[in-house]
Amino acid sequence: MSRKSYQELADILVSEQEKLSIQSRYQHYKWKKYRVESLATLVDDDRNLQTMVVYRPEWFEQSKFVRNLDVFAESVEREWKLVRRFAKL
């Protein structure tokens, strides 16, 4: 895989931002609320890129969490039906 330029990385992040709203509130399927702060790019040793969501729990603002965007946006099974892992409020 070829090395990405800073502009290519920036373009990827801009396109990924369209999948969720930065600075918006989301509710996890287990009911806790979070605010999405930004997106970040994780580059592993093989130069594979992963878009990560940086988000903060509303009940403990001194902490930040990071989760893969695909996992953040996926659906999960809860009480025999599919729901979004994080739903926008």
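- Rounding to the nearest 0.5 angstrom, the gap separating the CD1 atom in Ile22 from the CG atom in Leu39 is 4.0 Å.
- Here the CZ-OG distance, from Arg84 to Ser75, works out to 6.0 Å after rounding to the nearest 0.5 Å.
- For Phe86 and Tyr29, the gap between ring centers reaches or exceeds 6.0 Å.
- Going from atom CZ of Arg85 over to atom NZ of Lys30 covers 8.5 Å, rounded to the nearest 0.5 Å.
- In this view, Arg25 and Glu58 satisfy the salt bridge (Lys or Arg N to Asp or Glu O under 4.0 Å) rule, not counting sequence neighbours.
- At a threshold of 4.5 Å between non-hydrogen side-chain atoms, the residues Ser21 and Lys88 count as touching.
- Contacts of Arg56 classified as salt bridge (Lys or Arg N to Asp or Glu O under 4.0 Å), with partners at least two apart in sequence or in another chain: Glu37.
- Between Tyr34 atom OH and Phe60 atom CZ the span is 12.5 Å, to the nearest 0.5 Å.
- Inter-residue side-chain proximity for Val54 and Ser38 is flagged as met; some heavy-atom pair is nearer than 4.5 Å.
- Two different hydrophobic clusters hold Val71 and Val53 under the rule that ILVMFWY side chains link at heavy-atom gaps under 4.5 Å.
- Not a single salt bridge (Lys or Arg N to Asp or Glu O under 4.0 Å) links Arg78 to another residue, sequence neighbours left out.
- Heavy atoms only, all atoms of each residue included: Pro57 and Ser63 are closest at CD-O, 3.4 Å.
- Note: Met52 CE to Leu69 CG = 9.5 Å, rounded to the nearest 0.5 Å.
- Seen from the ring of Trp59, Lys33 does not count as a face-on cation partner, given the 6.0 Å and 45° thresholds.
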Worksheet item: Between Val66 and Tyr55, does a side-chain contact (heavy atoms from CB on, under 4.5 Å) hold up when you go through it step by step?
Response: CA-CA 6 Å; Val66 177; Tyr55 59 105; 5.9 Å; no
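- Under the 3.5 Å distance criterion, the side-chain polar atoms of Arg35 are left unmatched by any main-chain donor or acceptor of Tyr26.
- The distance from the CG atom of Leu42 to the CG atom of Asn68 is 8.5 Å, given to the nearest 0.5 Å.
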